[in-house]
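I have placed the structure first, in the form of structure tokens, so that the comments after it can refer back to it.
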Amino acid sequence: MPRIQIDIAGRLDHLAILDENGWLDKTLEPEIPPELLIKLHRIMLLSRRFDERLLNLQRQGRIGTFGPIKGQEAAQLGAVALLRDSDWMVPCFREMAAMLWRGTPLEGVILTYGGFNEGGRIPDNQNDLPIAIPVASQLLHAVGLAWAIKYRQKDDIAMVFFGDGATSEGDFHEALNFAGVFQAPVIFVCQNNQWAISIPRSKQTRAKTLAQKAFAYGVPGIQVDGNDILAVYTAAKEAVDRARQGGGPTMIECITYRMMMHTTADDPRRYRTEEEVEKWAKRDPLSRFQKYLTVKGLLVPEKIDVLEKEVETEIQEAVNRAEKQMKNLTDPLHMFEHHFADMPVNVLDQQQELAQELAEQKEEQSNG
Amino acid sequence: MAKMTMVQAINTALRQEMEKDDRVIVLGEDVGRDGGVFRVTDGLIDEFGEQRVVDTPLAESGIVGTSIGMAVYGLRPVCEIQFSGFSYYNFHQIESHAARLRWRSQGRYSVPMVLRAPYGAGVRALEHHSESKEAFYAHIPGLKMVIPSSPRTARALLLSAIRDPDPVIFFESKALYRAFREEVPEEEETIPLGTSQVVQEGKDLTMVAYGAMMRPTLEAAALLKDRDGIDAEVIDLLTIAPLDDELFTQSVRKTGRALVIHEAHRSFGPGAEIVARIMEKSFFYLEAPVARVTGFDIIVPLFSRENSYLPTVTRILTAAHKTLDT
């Protein structure tokens, strides 16, 4: 019996099209309609400024803990740009840019981080799941959605986001495996932002790349410069086209960087250097995209100023609306809602129990 | 009318609902070609094909996690976890997502799925094949926890579970799968989830049980009548959560004495909740402390000793007499 090499399928590419200096590989440049480029830039700018505003609100105690997205805008927007309204987007908890692209109102984000469940309500015409906090658990939901799409013989797809840390969780592997076995039309977008709280990518896995993990499940994988929106878009387009045509799942590893803390409750100075952060700041996806659009003649500095003012106003108006809403959403009895289609007797009893207690307190207060 | 085992009754429920509703999909380990290790899904793959009766990879979290996605999309997945003792792999998906997505999305999405799993001791199986951990699921807001006690209740409850707009954990007693046959009406029959049943009326003592424990409980009740002329009222919970306390409240107010029987561990088991409800609602009607006959607070022993772990007719009778003599 000979010992022969097994040819396992899987060519792994790293794709980069636009580098941090604005140098463009024209042979790889994707054809993106100008209006789509302009819209992508607007949402990228909006999500950057909104992220900064959320951090201010958190520091002022006006909202609670949240995970900033700064640095990861291209990795999100380049991917969701390919989705149709009828497709499904399944985020983890650091996909604010993707959510805004899909139609989540800014005040929904503020409400969620302001501690109100109402923020989790996805607009009715938007096929997205709410944020999922337990790492990697949402990948399986995307596979289930995609599997159901296939069962119904639709050409929609599901796209799911997760980080580098998620690739160590069992659910990541079960999701890739199920997607491979059932050829579900799902795109796995890994935002490898180098850090899972304080654990660097190098301690997450011995593997050279995360994308190669897809090969173990018979799923194509590709690694891209995640701060290069053109590279992300190109890889996502290949993956989405394949999925729509019945070619099954793809995993895209976006090499990016979490510029800020894991969440506002975290202090990254404990585990990483300023030099590293500065190095990645030079690779910023927003300024890189702006250079590209400027060279392309789609953007001029004056236009950026106008856009900056526009998004500032949009954000301010959303903050005003959200804070007004939060003032009106204080009824604690609402917390009993939405556990079941019909409220069970025990929950109803407990809701009434609290209602009674609150009424008595109110009466006592008014009686002085 | 046909006499069926519980395995056949569950198979019938799945078949009838799959015929009627193409949203219903059965998935799990060995549920297709093999028909399930207990043959509960026997023949379904021939009738409905591989798209609707799906042999999955061996991954419980994968089975439940993808079922959640399918349910959100609008399908009605009925997944089988081969043994409830392996459902800890998927517990996270149930607690963190199946039970919460309606709430998290504020009513935009729901997760109308059923997780079926064999539970309980008494079939001389290996470790991890004998536990009754229904309390884990009953404790979770947003979930329903159902345990039928017979072929007829299994068919009726499974239909209700599949049609329920929320996630349902459906435990099937391995010991009951082929223990006896019962008439299961041809025409469709459902039992609303969250409702218990009085299976025997009586005035002297209330006995509350469910699942596999209904048989020793009813046997004990018959002996109490024959030997001592005691009329026990026997209540089959059928749904553990949300718990229907109305019937046993009425019953205890009538009898003044109660006994709760389950094979789950005693501490923090379903009996603790039932006794608490009796305290809250019927304390002044009680003539004696409420008693519990349960599995012990130990890991279910390997099968040579499993019958000593399980509540027996003798243990139930002893507890009943103690309660009656107080």
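We use all heavy atoms of the structure for the numbers below, so side chains are in, but hydrogens, waters and symmetry mates are not. Just so it is clear, the model here is predicted, and its values are computed rather than measured. All chains are named by letter (A, B, ...) in the order of the sequence lines, taking the proteins before the strands, and each is independently numbered beginning at 1.
- Among the candidates A:Val143, A:Ile149, A:Leu129, A:Asn127, the residue making the largest number of heavy-atom pairs closer than 4.5 Å to chain B is A:Ile149.
- Looking only at side-chain heavy atoms (C-beta outward), B:Ile140 and B:Phe91 come within less than 4.5 Å of each other.
- In this structure, the portions of B:Ser105 lying under 4.5 Å from any heavy atom of chain A include both its backbone and its side chain.
- Chosen from B:Asp244, B:Asp22, B:Thr56, the residue pairing most often with chain A at heavy-atom distances under 4.5 Å is B:Asp22.
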- request: Check step by step if salt bridge (Lys or Arg N to Asp or Glu O under 4.0 Å) holds for B:Arg33 and B:Asp46.
  value: CA-CA 8 Å; B:Arg33 216 28 78 201; B:Asp46 299 322; 3.2 Å; yes
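- Between chain B and the options A:Ile122, A:Ile131, A:Asn177, A:Asp342, heavy-atom pairs under 4.5 Å are most frequent for A:Ile122.
- Heavy atoms of B:Ser61 lying under 4.5 Å from chain A belong to its backbone as well as its side chain.
- Looking only at side-chain heavy atoms (C-beta outward), B:Val260 and B:Phe248 stay at 4.5 Å or farther from each other.
- For B:Leu27, the part sitting under 4.5 Å from any heavy atom of chain A is the side chain, from C-beta outward, and nothing else.
- In this structure, B:Arg100 contributes its side chain and B:Glu95 its backbone to a donor-acceptor pair below 3.5 Å.
- Listed options B:Glu246, B:Arg102, B:Arg104, B:Met70 were ranked by heavy-atom pairs under 4.5 angstrom with chain A; first place goes to B:Arg102.
- Heavy atoms of B:Glu50 lying under 4.5 Å from chain A are absent altogether.
- Of the listed residues B:Asp164, B:Leu143, B:Val111, the one with more heavy-atom pairs under 4.5 angstrom with chain A than any other is B:Leu143.
- For chain A, the option among B:Asp245, B:Val64, B:Ile68 with the highest count of heavy-atom pairs below 4.5 Å is B:Ile68.
- Proximity of a side-chain donor or acceptor of B:Glu134 to a complementary backbone N or O of B:Ile169 within less than 3.5 Å is not detected.
- When A:Asp124, A:Thr112, A:Val90 are compared by the number of non-hydrogen pairs under 4.5 Å with chain B, A:Asp124 comes out ahead.
- Between chain B and the options A:Asp171, A:Val345, A:Val181, A:Asn346, heavy-atom pairs under 4.5 Å are most frequent for A:Asp171.
- Using a distance-only test at 3.5 Å, with no hydrogens or angles considered, no donor-acceptor pair links the side chain of B:Arg253 to the main chain of B:Ser282.
- In this structure, chain A has no heavy atom under 4.5 Å from any part of B:Asn90.
- Looking at B:Pro57, the atoms closer than 4.5 Å to chain A (heavy atoms on both sides) sit in the backbone and in the side chain alike.
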